[in-house]
Amino acid sequence: MDLKKKKERLLEYYRHSKTATCKEVIDAFMRVPREDFVLPHQRDQAYDDHPLPIGHGQTISAPHMAFIMCELLELKEGDIVLEVGAGSGYHAAICAEIVAPPNCTNPGHVYTVERIPELAEFAKKNLAKAGYADKVTVIIGDGTLGYPEKAPYDAILVTAAGPKVPEPLIEQLKIGGRLVIPVGARHMYQDLVLVEKIKENKIIRKKVGGVAFVPLIGEHGW
Ligand code: SAM
């Protein structure tokens, strides 16, 4: 089966299972070529619903995770987004399609931090090839410290699992902003936590499901 058919079939499955309910995320999924963000010999697996290795012991998350996180964040055109854990750059591209869709008048931007320099380079190359170089900025560093230079953010997503929600990320979230992060064990099985900042020094935390992510390594991580 060709990749286009596989992608359509996966979307059908997500619609049926109610994983895909938001039009903006569905449009973004259809526009971003996931096959350009996986290793070349795994292109034919780009629309299988599981994570794939990208080297350095890291993975590109399963495509349903991009749906779940983006829907929870309620991203919209114009949003300024911080991602911790660029990996392949795929999730950042999905966010960019939502916050800065083609021909929009009020484009947002995505800042994505990656601690492994080789992966930051991988993400940068993939994003440039797929046409997102001007909508996504890749930064090398410890994302548990956030990226204060462009704070505050409308939305923050962390695509690695920490022992707790890093305090700098809460500080760098706008009032009314949303943050998603897997919190729990270092290896295997964590809770996906949604944090909403309702006013300065006041957040609401909600567990929204079970997940299995690679560890968040850093000053406010493991
Ligand atoms: N969002 C990615 C994608 O679309 O391909 C998948 C990310 S992968 C599951 C998690 C990434 O988080 C890895 O690339 C890992 O190196 C990175 N990471 C872990 N701790 C980090 C930290 N403190 N700062 C930045 N990146 C970190």
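Atoms within a ligand are numbered from 1 in the order they appear, just like the ligands themselves. These values consider heavy atoms only, across backbone and side chains, with no hydrogens, waters or symmetry-generated copies.
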message = Minimum distance, heavy atoms only, to atom 12 (O) of ligand 1: which one of Gly55, Gly85, Ala66 is it?
response =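 Closest candidate by heavy-atom distance is Gly85.
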Which is closest to atom 14 (O) of ligand 1 by heavy-atom distance: His220, Glu219, Glu114?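 It is Glu114 whose heavy atom sits nearest to atom 14 (O) of ligand 1.
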Does the residue [X] have a heavy-atom contact with ligand 1, meaning some pair of atoms that are separated by less than 4.0 Å?
| X | result |
| --- | --- |
| Ala92 | no |
| Pro215 | yes |
| Gly141 | yes |
| Gly221 | no |

Which of the atoms in ligand 1, numbered in the order shown and given with their element, are less than 4.0 Å from a heavy-atom of His91?
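Matching atoms, with element in brackets: 1 (N), 4 (O).
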Query - Donor-acceptor pair between His91 and Ser61 side chains, under 3.5 angstrom - result: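 No - no donor-acceptor pair under 3.5 Å links their side chains.
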Pairs of nitrogen or oxygen atoms closer than 3.5 Å, one from [X] and one from ligand 1: do any exist?
| X | answer |
| --- | --- |
| Glu83 | yes |
| Gly143 | yes |
| Ile60 | no |
| Ser88 | yes |
| Gly218 | no |

Salt-bridge criterion met for [X] and [Y] (N-O under 4.0 Å):
| X | Y | value |
| --- | --- | --- |
| Arg115 | Asp142 | no |
| Asp44 | Lys6 | no |
| Lys164 | Glu167 | no |
| Lys125 | Glu121 | no |
| Lys76 | Glu24 | no |

Q.
Quick check with a 6.0 Å cut-off and a 45 degree axis cone: is Lys174 positioned over the face of Tyr153's six-membered ring?
A.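 Relative to the ring axis of Tyr153, which defines the angle, Lys174 lies outside at least one limit.
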**Prompt:** Do His16 and Tyr14 have their ring centres less than 6.0 Å from each other?
**Reply:**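 No, they do not, as the ring centres are separated by 6.0 Å or more.
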Note to self: I'd like to know whether NZ of Lys150 has more than 12 heavy-atom contacts from other residues, nucleotides or ligands below 6.0 angstrom.
What the structure shows: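 No, not enclosed.
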Point to revise | Region of Val214 engaging ligand 1 - heavy atom pairs below 4.0 Å | key: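 The side chain, only.
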